[in-house]
Amino acid sequence: MPELPEVETIRQTLKQLVIGKTIDSVEVMWPKIIQEPDDSHQFGQSIQHQTIRDIRRKGKFLLFDLDQYVLVSHLRMEGKYGVHPAEEAVMDHTHVIFHFTDSTDLRYRDVRKFGTMHLQEKGTEATKKPLLLLAKDPLEADFSLMKFTEKVQKSERNIKNILLDQSVIAGLGNIYVDETLFLAGIHPLTKGVSLTTEQILKIKEAAVLTLQDAVKQGGTTIRSYVNSQGQIGMFQQQLNVYAQNDKPCHHCEDTITKIKVNGRGTHYCPSCQPQPL
DNA sequence: GCGTCTTCCTGTAAGC
DNA sequence: TGCTTACAGGAAGACG
């Protein structure tokens, strides 16, 4: 599932393929993907004749900078973009097709139909949902450790849940939260309020290391993630705990354990990440 | 205000 | 073999 490193990989590869291309028309096969404007017909009309100037990333969101608009796209679990010749057969689960004036298409596929798109006027995107409450991601230069520490320490929630909250820290999903907590040596059920400033610094540093490494490897491939050129990510070969349940820990040989935390599969090493008191 | 639960979806794997 | 069921999960909205 695309988290920050996967979205960043997609951004980099997609940029080479679509910058400077002008949208001739749009086909929306599953209107629920389009969250804004309400009417997908209006979405198509607004985006027509717009040229893609840049592609940015905020947390796990892809931002397509157009002339007058910004297309804010979230891939959720299985969303993917691909660039294809217009005459090529359309694959199953393709829900939105952007037809370019040069007879190529940008196609959005999403088996589970969880992905979202918001088309917003340029310059307003940071003041509206879904980006409004989004925190900085730990790779951003202006990520504030102080703000992050404050939010964690005032929360009664467990740290697994807190790190999945995009208004506290952006970019982490289920895979990288488990990996981050392993590196930091923190049990996923530890309450935010009980963590020391030093432990929170450790978590932030572990998140940076995990994410940087995963970006270098082109992301993690669990089941279905491929970047926009169809290559698979390599980071899954370096996973310490995620999907490693019942295997020995690389560090101590203890058995990686899987539990459910707030409905999410959660993996940890009982020795490296001791249970909170 | 805060925390938890439910909902949206469908392919895959397990169980019978 | 074929059917049913559980499971995977990001984020918004409902609810206590």
Side-chain angles (χ1 to χ4, degrees), chain A residues 1-8 10 28-38 40 57-63 72-81 91-96 108-118 120 125 128-137 147 150-181 188-195 207 211 214 219-226 233 236 239 241-246 256 258-268:
Chain A
M1 52 230 81
E3 299 183 27
L4 186 153
E6 291 74 32
V7 177
E8 180 58 25
I10 291 164
V28 179
M29 284 81 116
W30 189 261
K32 278 190 179 176
I33 304 266
I34 312 298
Q35 300 277 309
E36 188 183 347
D38 289 339
S40 64
R57 180 186 59 73
K58 291 275 175 199
K60 297 181 226 172
F61 289 89
L62 274 177
L63 278 64
V72 181
S73 168
H74 198 301
L75 305 169
R76 295 288 179 96
M77 252 68 81
E78 307 211 13
K80 20 185 123 45
Y81 282 102
M91 284 189 274
D92 283 350
H93 312 298
T94 300
H95 305 309
V96 183
Y108 177 75
R109 295 177 65 215
D110 187 347
V111 169
R112 291 190 213 177
K113 300 176 175 170
F114 272 17
T116 58
M117 292 183 193
H118 293 73
Q120 300 174 331
E125 70 275 10
K128 296 163 85 172
K129 279 185 185 178
L131 298 184
L132 178 61
L133 296 175
L134 188 70
K136 298 282 177 191
D137 74 56
K147 269 193 202 166
E150 251 172 51
K151 283 183 181 173
V152 172
Q153 287 183 329
K154 73 166 202 175
S155 177
E156 284 286 339
R157 289 187 291 168
N158 59 63
I159 188 64
K160 164 86 183 199
N161 220 355
I162 295 171
L163 294 181
L164 284 171
D165 186 340
Q166 304 296 300
S167 70
V168 175
I169 184 168
L172 295 173
N174 210 33
I175 299 173
Y176 296 116
V177 167
D178 284 4
E179 292 299 313
T180 294
L181 288 176
L189 290 176
T190 313
K191 297 231 182 264
V193 73
S194 72
L195 286 164
L211 292 174
T220 306
T221 303
I222 300 292
R223 294 182 59 200
S224 65
Y225 159 74
V226 282
Q236 71 274 16
L239 292 173
V241 287
Y242 186 86
Q244 306 301 307
N245 34 311
D246 302 328
I256 302 300
K258 182 178 180 181
I259 55 172
K260 276 226 174 198
V261 177
N262 302 89
R264 296 289 143 86
T266 298
H267 313 74
Y268 71 101

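In what follows, every heavy atom counts, from backbone to side chain, and hydrogens, waters and symmetry copies are set aside.
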Could you check which of [options] has an atom nearest any side-chain atom of [X]?
{"X": "A:Leu164", "options": "C:dA8, B:dG3, C:dG10", "answer": "C:dG10"}
{"X": "A:Arg112", "options": "C:dG9, B:dT4, B:dC8", "answer": "C:dG9"}
{"X": "A:Phe114", "options": "B:dC9, B:dG11, C:dA8", "answer": "B:dC9"}
{"X": "A:Arg264", "options": "B:dC8, C:dG9, B:dC2", "answer": "C:dG9"}
{"X": "A:Glu156", "options": "B:dC8, B:dC2, B:dG3", "answer": "B:dG3"}
{"X": "A:Lys113", "options": "B:dC2, B:dT10, C:dG9", "answer": "B:dT10"}
{"X": "A:Asn174", "options": "C:dG10, B:dC9, B:dC2", "answer": "C:dG10"}
{"X": "A:Lys60", "options": "C:dG10, B:dC5, C:dA12", "answer": "C:dG10"}

Measure from [atom1] on [X] to [atom2] on [N] and round the result to the nearest Å.
{"X": "A:Tyr108", "N": "B:dC9", "atom1": "OH", "atom2": "P", "result": "13 Å"}
{"X": "A:Glu78", "N": "B:dG11", "atom1": "CD", "atom2": "C1'", "result": "7 Å"}
{"X": "A:Arg76", "N": "C:dA12", "atom1": "CZ", "atom2": "P", "result": "6 Å"}
{"X": "A:Glu3", "N": "C:dG9", "atom1": "CD", "atom2": "C1'", "result": "10 Å"}
{"X": "A:Lys151", "N": "B:dG1", "atom1": "NZ", "atom2": "P", "result": "14 Å"}
{"X": "A:Leu163", "N": "B:dG3", "atom1": "CG", "atom2": "P", "result": "14 Å"}
{"X": "A:Phe61", "N": "C:dG10", "atom1": "CZ", "atom2": "P", "result": "12 Å"}
{"X": "A:His95", "N": "B:dT10", "atom1": "NE2", "atom2": "C1'", "result": "10 Å"}

For [N], take OP1 and OP2 only and decide whether either is under 4.0 Å from a side-chain N or O of [X].
{"X": "A:Tyr242", "N": "C:dG9", "result": "yes"}
{"X": "A:Lys32", "N": "B:dC9", "result": "yes"}
{"X": "A:His74", "N": "C:dG10", "result": "no"}
{"X": "A:His93", "N": "B:dC9", "result": "no"}
{"X": "A:Lys154", "N": "B:dG1", "result": "no"}

Original post:
What's the shortest heavy-atom distance between A:Leu163 and A:Leu172, and which atoms?
Top reply: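 A:Leu163 and A:Leu172 have their closest heavy atoms at O-CB, 3.8 Å.
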
Subject >> Shortest non-hydrogen contact between A:Ile34 and A:Ser40, atoms and distance >> reply: CG1-CB, 4.2 Å

Over all strands shown, is [X] touching base, sugar-phosphate only, or nothing at heavy-atom distances under 4.0 angstrom?
{"X": "A:Lys258", "result": "sugar-phosphate"}
{"X": "A:Arg157", "result": "sugar-phosphate"}
{"X": "A:Lys260", "result": "sugar-phosphate"}
{"X": "A:Asn161", "result": "sugar-phosphate"}
{"X": "A:Thr116", "result": "nothing"}
{"X": "A:Gly265", "result": "sugar-phosphate"}

**OP:** Quickly, which of A:Arg264, A:Glu179, A:Lys160 forms a side-chain hydrogen bond (donor to acceptor under 3.5 Å, both in side chains) with A:Asn174? Name it, please.
**Re:** A:Lys160

Would you say [X]'s side chain and [Y]'s backbone share a donor-acceptor pair under 3.5 angstrom?
{"X": "A:Gln153", "Y": "A:Gly192", "answer": "no"}
{"X": "A:Glu125", "Y": "A:Gln120", "answer": "no"}
{"X": "A:Asp178", "Y": "A:His267", "answer": "yes"}

Original post:
How are the rings of A:Phe61 and A:His74 set relative to one another: parallel (under 30°), tilted (30 to 60°) or perpendicular (over 60°)?
Top reply: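 Perpendicular: the ring planes of A:Phe61 and A:His74 meet at over 60°.
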
